[in-house]
There are 2 protein chains.
Amino acid sequence: MYATDFRMTHQRRLILEELKKVKTHPTADEIYVIVRKTMPRISLGTVYRNLEILSAMGLIIKIEGFGNQRRFDGNTNKHYHIRCIKCGKIDDLPEDAITNIEVDHNKIKGYSIYNHEIQLSGICEQCHNAK
Amino acid sequence: MYATDFRMTHQRRLILEELKKVKTHPTADEIYVIVRKTMPRISLGTVYRNLEILSAMGLIIKIEGFGNQRRFDGNTNKHYHIRCIKCGKIDDLPEDAITNIEVDHNKIKGYSIYNHEIQLSGICEQCHNAK
DNA sequence: GTCGTTGCAAAGATTTTGCAGCGGC
DNA sequence: GCCGCTGCAAAATCTTTGCAACGAC
């Protein structure tokens, strides 16, 4: 699938840096637009490949499950997301918004659990006001 | 987007019935394969349109966020899912597997919350044994 | 009879991939 | 210098849509 040793190319570093800079949760195409300002000849395929590799390396987070388009998050601290069902915007939840969750591994027979994701959905302030 | 009155066509009813029958969480394409056994001339576009409408009607659940492909669930009771990261299979979690979750709406500024989803990931028994 | 729905096929959207040359280490 | 990586372009995958005929109510 991937190589076992990775090289930090200019393209890879730029994608990583730009993703760490923004507070949004951009799609591959949005990242493509951003990095082309610095590196106009970069290809969309390279962006896709590097996002995949960076998330496999644990340097960024791949967000699937909000609409059809994959999104990426430069913040690798464990946190949850909320999505506006009108405009599709994704925001981070404050750390203390969800508490007390308990996952009983014994109740889930046959699986070894690796991770859990929580995704809220609602309507954001702008969309509420625009209504 | 959709019409305001819906007609229960043969195609729509069949898709709904087959989805209620299975315990899996099929993709549109898998449902297409199933319903063609009964209705060979049904088109994939019809399957997509009806799955969209049925989920808008609340008769089925649309599952996004596990891999790239949309899946559907005939079980409309509130429940969570777990996905095997090796084979992609999705199972329902037992009701009591996740407890005590508290969402503090006041901590989430600007949003009115409509829903929350929880998705676990892990390795299923078959994949664990196959290793 | 009205108008929502269908099958078909083409288009759209997103993501992946083959390849030859390039460039990190 | 090796071998992972890139740009390019084509292909693959998944989903949506225009249209004329059809069928539910």
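Naming: A, B, ... by sequence-line order, numbering from 1 per chain.
B/Arg7 contributes a side-chain N or O that forms a donor-acceptor pair with the base of C/dC3 under 3.5 Å. The base of D/dC5 does not come close enough to the side chain of A/Arg12 for any donor and acceptor atom to sit less than 3.5 Å apart.
C/dT16 atom P lies 13 Å from atom CD of B/Gln69, rounded to whole Å. For B/Gln11 and D/dC22, the CD to C1' distance is 10 Å, given to the nearest whole Å. Note: CG (A/Leu44) to P (D/dT6) measures 13 Å, nearest angstrom.
A salt bridge does not link B/Glu18 to B/Arg36: none of the charged side-chain nitrogens sits closer than 4.0 Å to a carboxylate oxygen. Look at A/Arg71 and A/Glu30 and you find a salt bridge, because one of the NZ, NE, NH1 or NH2 atoms lies within 4.0 Å of a carboxylate O, short of that distance. Contact check on A/Lys107 versus B/Glu95 returns no salt bridge, with no Lys/Arg side-chain nitrogen under 4.0 Å from an Asp/Glu carboxylate oxygen. Salt bridge absent: A/Arg83 and B/Glu117 never bring a charged side-chain N and a carboxylate O closer than 4.0 Å.
Using modelled atom types and a 3.5 Å distance limit, the side chains of A/His25 and A/Asp92 yield a donor-acceptor pair.
Both B/His10 and B/Tyr48 sit near DNA chain D, but only B/Tyr48 has its closest nucleotide nearer the 5' end.
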Residue pair B/Ile118, A/Ile101: steps toward the side chain to side chain contact (heavy atoms under 4.5 Å, CB included) verdict: CA-CA 11 Å; B/Ile118 302 181; A/Ile101 179 171; 4.2 Å; yes
What are the atom names and distances for every N/O pair under 3.5 Å that joins the protein to nucleotides 18-20 of chain C?
from: C/dG18; atom 1: O6; to: A/Arg49; atom 2: NH1; distance (Å): 3.4

